[in-house]
Amino acid sequence: MERAAPVVIKDLGLTYHTIYGETTAVKGLSLLLKKGDILGIVGPSGSGKTTLLSVIAGILEPTEGEVSVCGMPPAQAKDKCGYMLQRDELFPWLNIRDNVLLSAKVKGLGNRRGYADELLDKYGLLAYAERYPRELSGGMRQRVALIRTLVPSPEILLLDEPFGALDFQTRVYVVDDVRKIIKNEGKSALFVTHDISEAISMCDTLAVLSARPARVKKFFDLSSLARLSPMQRRDDDSFGALYDEVWKALEFKKENSV
Ligand SMILES: Nc1ncnc2c1ncn2[C@@H]1O[C@H](COP(=O)(O)OP(=O)(O)OP(=O)(O)O)[C@@H](O)[C@H]1O
Ligand SMILES: [Mg+2]
C-alpha cells in the first residue's frame, strides 16, 4: 500500500444504519489518488459518491476496509482535505474577501488575509474583494468558492459536483480555470461529476463506479491527454471514442439502482 499517497483506499465498505433499515452504500471499493493528480469519479445517482468523499474527509467512519489520507487515518487528516460542494454556498452578507477567509477562520488558522488576497489577485478577483456574491457571475462565484477551499492550504481537494448549478457554457470555461488553478497550486483532487465530457476534459484518471453499493467498475488513464487543456481535449480526435467507452462502462441494470 502506497502510504504516502494523498488517498489510498482498499476494500472500503460503508453501511448506513437507520430506523428504516440498512443501506450498504459502498462495498469492496479500492482506489488510489496519486500526488498532483485529478481523479474523476463518475457513477449512477445514489451509487455512493458523496458517501465516499465523506469517508475521505473523515466525516463518516468506514464499516470495513482501509482508508489512508496522506498516510494517516482520515479522522487525523481532516486538515489535509478541502471540501467543495455543488452549490457555491457563499454567504450573501459577507463580501468576497470575508467569504474567502471564512473557512480558515472556522478552522482557527489565524489571519490569512495576505494569502487570500494573493489567490484572489492571481485568479482575477482582487478587484471584487469588497463586492458581494450577488454582484458576481455564477462562474466567478464558483472560482471564489474554490479559492475559499484553498485558503486553509489543504493538500487534497474533494469536489462534489462543484459545477452542477452552472449553465453549460459557463461550466466549460470554469472547468478550464479550475484545472489550471489545481495544477498551479500543486494540489491533488477527487472530482465527482455526472458529466462524462467534464470528467474526461478535467481529469488525469477516471474511475467509473457501479450502481450501489459502489465499487470501481472501470478505471481510465487519461495521461495521453495531459498536454491538452480541458477546452482542447473536447476537440481532440480521441475524445469521442473515450466518451463512448466511459458511457458503456457507466451503463447499469435498472434493478440494481436505488
Ligand atoms: N445519512 C444517510 N443515511 C442513510 N442512507 C444514506 C445516507 N446518506 C446517503 N444514504 C444512502 O446511501 C446511498 C448512496 O448515497 P450517496 O449520497 O453517497 O450517493 P451519490 O452517488 O452521491 O448520489 P448523487 O449522484 O445523487 O449525488 C443512497 O442510497 C442514499 O440513499
Ligand atoms: Mg452525491
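In listed order, ligands and their atoms are each counted from 1. Each residue takes its place number in the sequence, starting with 1. Atoms considered below: every heavy atom in the structure, side chains included; atoms not considered: hydrogens, waters and symmetry mates.
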Does [atom1] in [X] sit with more than 12 non-hydrogen atoms of other residues, nucleotides or ligands closer than 6.0 Å?
| X | atom1 | answer |
| --- | --- | --- |
| Tyr16 | OH | yes |
| Lys187 | NZ | yes |
| Phe219 | CZ | yes |

Note to self: Using a 4.0 Å heavy-atom cut-off, which part of Thr18 comes near ligand 1: side chain, backbone, both, or neither?
What the structure shows: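 Under 4.0 Å from ligand 1, Thr18 contributes side-chain atoms alone.
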Check: Under 30°, 30 to 60°, or over 60°: which ring-plane class applies to Tyr243 and Trp247, parallel, tilted or perpendicular?
Finding: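 Parallel: the ring planes of Tyr243 and Trp247 meet at under 30°.
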Next item on the list: Could you walk me through whether Phe168 and Phe163 pass the ring-ring contact (aromatic ring centres under 6.0 Å, His included) test, one step at a time?
Entry: CA-CA 9 Å; Phe168 175 73; Phe163 315 129; over 10 Å; no
Checklist line | Residue-ligand contact Ser47/ligand 1, heavy atom below 4.0 Å | finding: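 Contact check Ser47 vs ligand 1: positive.
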Next item on the list: Say whether His194 and ligand 1 are in contact under the criterion: heavy-atom distance to a ligand atom below 4.0 Å.
Entry: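 His194 counts as a contact of ligand 1 under the 4.0 Å cut-off.
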Next item on the list: Around the Mg ion (ligand 2), list the protein N/O/S atoms within a radius below 2.8 Å, excluding water molecules.
Entry: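 Near the Mg ion (ligand 2), the protein supplies Thr50 OG1.
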Heavy-atom nearest option to [atom], drawn from [options]:
| atom | options | result |
| --- | --- | --- |
| atom 22 (O) of ligand 1 | Val192, Thr50, Asp160 | Thr50 |
| atom 18 (O) of ligand 1 | Thr51, Ile19, Val55, Thr15 | Thr51 |
| atom 24 (P) of ligand 1 | Ala211, Gly46, Pro44 | Gly46 |

Checklist line | Ligand-residue contact atoms, ligand 1 with Gly48, heavy atoms, under 4.0 Å | finding: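 The list of qualifying atoms is 14 (C), 16 (P), 18 (O), 19 (O), 20 (P), 21 (O).
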Next item on the list: Could you list which atoms of ligand 1 come closer than 4.0 Å to a heavy atom of Glu161?
Entry: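 Ligand 1 atoms under the 4.0 Å threshold to Glu161: 25 (O), 27 (O).
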Next item on the list: Assess whether salt bridge (Lys or Arg N to Asp or Glu O under 4.0 Å) is satisfied between Glu118 and Arg112, documenting all intermediate values.
Entry: CA-CA 10 Å; Glu118 192 188 307; Arg112 296 237 162 164; over 6 Å; no
Check: In Å, rounded to the nearest 0.5 Å, how long is the span from SG of Cys203 to CG of Leu39?
Finding: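 Atom-to-atom, Cys203:SG and Leu39:CG are 7.0 Å apart.
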Note to self: Under a 3.5 Å distance rule, please check whether Lys183 uses its side chain to pair with a backbone N or O of Gly36 as donor and acceptor.
What the structure shows: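 Yes.
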Check: Backbone N or O of Asp11 within a donor-acceptor pair of the Ser30 side chain at under 3.5 Å?
Finding: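 Looks like yes, one N/O pair under 3.5 Å.
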Next item on the list: Only counting residues at least two apart or in another chain, list the ones meeting side-chain contact (heavy atoms from CB on, under 4.5 Å) with Tyr20.
Entry: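 Tyr20: side-chain contact (heavy atoms from CB on, under 4.5 Å) contacts with Thr18.
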Next item on the list: Check whether any N or O atom of Ala25, backbone or side chain, sits under 3.5 Å from an N or O atom of ligand 1, and answer yes or no.
Entry: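 No, Ala25 has no N/O under 3.5 Å of an N/O on ligand 1.
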